[in-house]
Amino acid sequence: MSRSTFKSVSLFLGVTGSLLMGNLLVGKLAMAHAQSDSQGHQHAVSTLICDSAAQPTRFQASYQITAGNDDKAQAHQLILTRFDDTIIYQRGPVSYEAWQKNGEYVRYFPEQKRSISYRRSDLLALNIHTDIDKQFHLIAPAALSQFDKGEQHQDACFTQQSYTHNSGSHKGKAHAQGKQQSLELDWINELQLPASLTITQGEQQLHYQLTKLTPINQQGFDLLTSGYQDLDFADVGDSESDPFIAKMITQGFIQHGSSGFYSADGKLLEGGHDHHH
């Protein structure tokens with residue numbers, strides 16, 4: 001394993017791993033109606049509401065995400081919408097974001113019906129790098145070959161394959177911060193998505209549980225992406241007199257990127273969350 005063991009695990013996980021690395025930043029993403037999980041890291045197995053008509057490239061998946069430990073656990077919902085070459089992340093009511101297979105990124109503000117589009121060159125200029133496979137699957141499918149394969153089981157709609165991954169504690173005082181990390185995964189082969197995922201580091205834990213999976217059609221996708229007044233990020237500097245742009249810059253949603261931007265080593269970039277209500 002690498003010197004930074006959890007970092008090596010997080011590199012498999014994209015968004016998932018970086019949430020735990022960033023001092024449980026998932027808590028800052030909690031929606032207004034999120035409630036604490038009194039069970040801590042002992043998660044009840046919820047019944048998956050699913051529709052077997054969901055396709056690998058056209059679905060909407062709802063995840064319940066719990067982060068923290070026994071004493072301080074926070075929960076929120078993540079809705080992933082995949083439609084062909086676009087994946088949309090909805091974590092709360094203020095805004096949501098879309099990644100496209102060509103590497104471009106769009107942040108939507110539904111209340112104002114405004115959006116900001118970032119081209120690949122914009123992201124490179126901001127030193128923002130992402131692994132598109134991780135964005136589209138939460139875990140890069142190629143990483144599964146490095147996990148320990150367990151049993152396969154069938155649920156109401158799909159086949160799930162279990163995996164585990166463990167990294168030993170570092171030896172010596174020089175690596176005192178290197179606590180043992182473990183990963184438990186139930187993977188839906190047909191959709192290339194986690195049904196459940198638990199990452200544990202010391203007393204901290206991050207748990208993803210798929211609760212609902214449905215197909216999505218063109219009409220449903222258009223409801224999320226159509227009718228927005230879009231602005232290229234390259235033009236933001238010339239638009240600061242626009243009250244909406246000025247407000248978003250002040251709140252940190254646009255300046256230096258926004259939530260959902262992660263550096264190459266899986267850390268959340270600054271901006272966005274500190275003013276996200």
Side-chain angles (χ1 to χ4, degrees), residues 6 8-22 24-26 29 37 41-52 54-68 73 75-83 87-91 97 99 130-167 181-201 204-216 260 262 266:
F6 187 76
S8 70
V9 173
S10 74
L11 291 177
F12 299 142
L13 305 176
V15 169
T16 306
S18 58
L19 289 174
L20 184 57
M21 286 191 66
L24 297 174
L25 283 167
V26 68
L29 298 172
D37 179 1
H41 66 267
Q42 296 179 352
H43 303 281
V45 178
S46 59
T47 301
L48 170 62
I49 301 171
C50 61
D51 186 332
S52 57
Q55 302 173 19
T57 60
R58 291 189 176 186
F59 61 79
Q60 190 165 78
S62 297
Y63 285 90
Q64 181 74 12
I65 304 175
T66 309
H76 82 287
Q77 186 182 48
L78 167 66
I79 299 175
L80 289 184
T81 301
R82 168 80 186 271
F83 191 82
I87 187 93
I88 296 175
Y89 283 73
Q90 292 173 273
R91 297 186 180 93
E97 57 206 28
W99 287 97
T130 190
D131 185 322
I132 292 298
D133 272 350
K134 295 173 187 174
Q135 297 290 356
F136 273 73
H137 304 283
L138 288 180
I139 293 179
L144 299 180
S145 63
Q146 302 183 46
F147 299 162
D148 297 320
K149 198 171 184 178
E151 295 182 354
Q152 192 175 85
H153 58 278
Q154 183 75 30
D155 66 11
C157 294
F158 303 103
T159 302
Q160 296 181 22
Q161 175 67 56
S162 64
Y163 292 90
T164 57
H165 182 86
N166 292 285
S167 56
Q181 301 88 26
S182 65
L183 173 150
E184 297 179 10
L185 169 68
D186 281 333
W187 183 254
I188 300 175
N189 295 309
E190 294 95 329
L191 297 177
Q192 299 283 282
L193 277 179
S196 68
L197 168 67
T198 304
I199 308 168
T200 305
Q201 175 175 308
Q204 295 182 336
Q205 190 171 79
L206 180 66
H207 179 73
Y208 274 54
Q209 183 67 53
L210 180 64
T211 58
K212 186 177 181 180
L213 184 68
T214 56
I216 188 167
Y262 298 86

* **Asp186 vs Leu210 side-chain heavy atoms within contact, under 4.5 Å** => no

* Considering residues at least two apart in sequence or located in another chain, which fulfil the side-chain contact (heavy atoms from CB on, under 4.5 Å) criterion with Ile79? -> Gln60, Ser62, Gln77, Thr81, Gln90

* Which pair of non-hydrogen atoms, one from Ser52 and one from Phe158, has the smallest distance, and what is that distance? -> CA-CZ, 3.9 Å

* Asked: For Pro56 and Glu190, which heavy atoms make the closest approach, and how far apart are they?
  -> CG-O, 3.2 Å

* Asked: Would you say the side-chain atoms of Gln161 pair up with the backbone N or O of Gly150, donor to acceptor, closer than 3.5 Å?
  -> yes

* In Å, rounded to the nearest 0.5 Å, how long is the span from CG of Leu206 to CD1 of Ile199? -> 5.0 Å

* Beyond-backbone contact of Leu197 with Ile139, side-chain heavy atoms, under 4.5 angstrom -> yes

* Asked: Within a strict 4.5 Å, meaning less than it, do heavy atoms of the Arg91 and Glu97 side chains meet?
  -> yes

* Asked: Would you say the side chain of Gln205 lies within less than 4.5 Å of the side chain of Thr198, judging by non-hydrogen atoms?
  -> yes

* To do: Return the set of residues passing side-chain contact (heavy atoms from CB on, under 4.5 Å) with Gln192 (not counting sequence neighbours), or none when no residue passes.
  => His137, Pro141, Trp187

* Test side chain to side chain donor-acceptor pair (under 3.5 Å) applied to Glu184 - qualifying residues, sequence neighbours left out -> none

* Test side chain to side chain donor-acceptor pair (under 3.5 Å) applied to Glu151 - qualifying residues, sequence neighbours left out -> none

* Where is the tightest heavy-atom contact between Leu191 and Ala54, given as atom of each residue plus distance? -> CD2-O, 3.8 Å

* Any donor-acceptor pair under 3.5 Å from Tyr63 side chain to Pro194 backbone -> yes

* Structure fact -> Distance col, row Leu185:CG vs Asp148:CG, nearest 0.5 angstrom, shows 12.0 Å

* In Å, rounded to the nearest 0.5 Å, how long is the span from CD of Gln181 to CG of Asn166? -> 9.5 Å

* Can you name the side chain to side chain donor-acceptor pair (under 3.5 Å) partners of Asp155, sequence neighbours left out? -> Gln160

* Between the main-chain N or O of Leu78 and the side-chain N or O of Tyr208, is there a donor-acceptor pair closer than 3.5 Å? -> no

* So, does Thr66 use its side chain to make a donor-acceptor pair with the main chain of His207 at under 3.5 Å? -> no

* Enter the distance from Leu80:CG to Phe59:CZ here, rounded to the nearest 0.5 Å. => 6.5 Å

* Partners passing ring pair (Phe, Tyr, Trp, His ring centres under 6.0 Å) against Phe83 (at least two apart in sequence or in another chain) -> Phe221

* **Closest approach of Thr214 to Asp51 (non-hydrogen atoms, all atoms of both residues)** => CA-CB, 4.3 Å

* Work out which heavy atom in Leu138 is nearest to a heavy atom in Tyr89; give both atom names and the distance. => CD2-OH, 3.9 Å

